[in-house]
Amino acid sequence: MLLVNTNNEQPTKEEGKFPAETSLLFLYPVQADEMSHNGEARPFVLVLPGGGYTHLAQHEGEPIARWLNSLGIHAGVLHYQIGDFEFADLIKDVEDALRWIREAPKDWMVIPEQVGMIGFSAGGHLASIAATTGAEKPNLLLLSYPVVSLHEPHTHEGSRRQFLGANPARETLDSWSSDQRVTAETPPTFIWTTADDTVVPVENSLLFAAALSRNKIPFELHVFEEGRHGLGLANDHAHARQWLTLAEKWLGQHHYIKKG
């Protein structure tokens, strides 16, 4: 179940306040005095933080939304269900969030054909599964050191166990490995990761890029030689921080950033 927080207070899932199966969407619209193009409809990017489906990494949420705002892009952070959840419900919450972003009346305007999504780590798994299998897909996809394959030896065991439980069948692993679900309907994708990531191996990004290539989906892949997992904005890693400039240029290429 999706709950949209339009006033952007920070409610928490205290006992009895929200059902456990609630996902919360926090909105970060570009403020009128932040950019010169006031009052115009803008692109939107939905942010899905990582956390292995057990928690949500705060540094992959609001800071990413604020970075997108600095580019003139509306943003929202989805605090999706974690812990004990049904994965079909989780995908539906992402779909409902995308649908709300495109269709709901707001004081600020969104270009419905320019609604992207960015996911980090396990949030990258959720984003890529929603973008490949969902009935409501983003128009663009950005993946940061994503979990993609649920098969050994490249999967992140914690994410797989939390998402599918112990000993899932091979057919189930195939169904929820996003590299196995890429089709001609998958949106253009930007991917970045590091070659020595010891938590989510680089092969996850390589597998997804290969699947995009087979299906002739436009994509851009950047693998930095070194860097720990979970860098986020990479404020403490000057080399990997290049991903921000590269992503900005890619978003501009797809007309999500207005020049001038």
Side-chain angles (χ1 to χ4, degrees), residues 2-10 23-50 56 60-80 90-120 123-124 126-132 134-144 146 185-192 218 220 232-233 243-244 246-260:
L2 179 69
L3 177 64
V4 180
N5 184 18
T6 55
N7 61 10
N8 230 36
E9 294 177 353
Q10 294 290 319
S23 294
L24 303 172
L25 174 58
F26 295 90
L27 300 171
Y28 296 86
V30 175
Q31 299 302 311
D33 59 352
E34 289 185 35
M35 308 292 291
S36 59
H37 307 285
N38 294 340
E40 297 182 13
R42 297 177 181 275
F44 189 109
V45 173
L46 180 65
V47 181
L48 276 57
L56 297 174
E60 295 167 349
E62 182 175 348
I64 305 302
R66 299 298 188 191
W67 166 67
L68 290 162
N69 285 168
S70 75
L71 304 178
I73 299 172
H74 295 312
V77 179
L78 186 64
H79 288 203
Y80 53 86
L90 197 57
I91 302 300
K92 184 178 184 302
D93 285 351
V94 176
E95 293 175 333
D96 288 346
L98 292 170
R99 191 174 295 111
W100 186 93
I101 290 160
R102 288 187 171 116
E103 299 176 359
K106 312 171 189 65
D107 294 334
W108 38 277
M109 296 183 290
V110 171
I111 303 171
E113 298 80 20
Q114 288 188 298
V115 175
M117 185 157 59
I118 182 169
F120 294 78
L126 180 56
S128 60
I129 280 292
T132 52
E136 191 83 17
K137 293 180 172 62
N139 302 102
L140 280 184
L141 179 63
L142 299 94
L143 300 174
S144 301
E185 304 302 315
T186 302
T189 304
F190 176 96
I191 313 166
W192 78 277
E220 194 164 304
L233 290 173
W243 86 266
L244 295 172
L246 294 165
E248 179 179 349
K249 290 179 178 178
W250 185 79
L251 287 166
Q253 180 180 327
H254 287 273
H255 309 293
Y256 274 55
I257 298 174
K258 180 170 288 190
K259 294 180 180 179

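The residues of the chain are indexed from 1 along the displayed sequence. What you see is a predicted model, and the numbers here were worked out from it, not measured in a lab.
Here Thr189 contributes atom OG1 and Glu220 contributes atom CD; the two are 11.0 Å apart, rounded to the nearest 0.5 Å. Atom CG of Leu90 sits about 8.0 Å away from atom CG of Leu78, to the nearest 0.5 Å. Rounding to the nearest 0.5 Å gives a distance of 3.5 Å between NZ of Lys258 and CD of Glu40. Going from atom CD of Glu103 over to atom CG of Asp96 covers 10.0 Å, rounded to the nearest 0.5 Å. Interatomic distance, Leu48 CG to Leu142 CG, rounded to the nearest 0.5 Å: 12.0 Å. From Ile73, atom CD1 reaches atom CG of Leu251 across 5.0 Å, with rounding to the nearest 0.5 Å.
Residues Asn5 and His79 have side chains not in contact (no heavy-atom distance under 4.5 Å, counting atoms from C-beta outward). The side-chain heavy atoms of Val77 and Leu24, taken from C-beta on, include no pair separated by under 4.5 Å. The shortest side-chain heavy-atom distance between Val45 and Leu140 does not fall under the 4.5 Å cut-off. For the pair Trp67 and Leu233, the minimum side-chain heavy-atom distance is below 4.5 Å. For the pair Pro138/Leu46, no side-chain contact is recorded, criterion being any heavy-atom separation below 4.5 Å from C-beta on. The shortest distance between side-chain heavy atoms of Val47 and Tyr28 does not fall below 4.5 Å. Within the 4.5 Å cutoff, no side-chain heavy atoms of Pro29 are placed close to those of Phe44.
Pro188 and Asn139 get closest at one heavy-atom pair: CD-O, 3.6 Å. Heavy-atom minimum distance, Asn69 versus Ala75: ND2-N, 3.9 Å. For the pair Glu248 and Leu71, the tightest heavy-atom approach, listed with the atom from each and the gap, is CD-CD2, 3.5 Å. The shortest non-hydrogen separation linking Ala130 to Val94 is CB-CG1, 3.7 Å. Closest approach of Glu95 to Gly134, counting heavy atoms only: OE2-CA, 3.0 Å.
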Identify every side-chain donor-acceptor pair in residues 106-115 under 3.5 Å, counting partners at least two apart or on other chains, and give the distances.
unit_1, atom_1, unit_2, atom_2, d
Lys106, NZ, Trp100, O, 3.4
Lys106, NZ, Ile101, O, 2.7
Lys106, NZ, Ala104, O, 2.7
Gln114, NE2, His255, O, 2.7

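Aromatic ring orientation, Trp243 versus Phe190: tilted (interplanar angle from 30° to 60°).
Counting only residues at least two apart or on different chains, the salt bridge (charged side-chain N to carboxylate O under 4.0 Å, His left out) pairs with a member in residues 134-143 are Arg99-Glu136, Arg102-Glu136.
Side-chain atoms of Tyr80 come within 3.5 Å of backbone N or O of Pro49 as a donor-acceptor pair.
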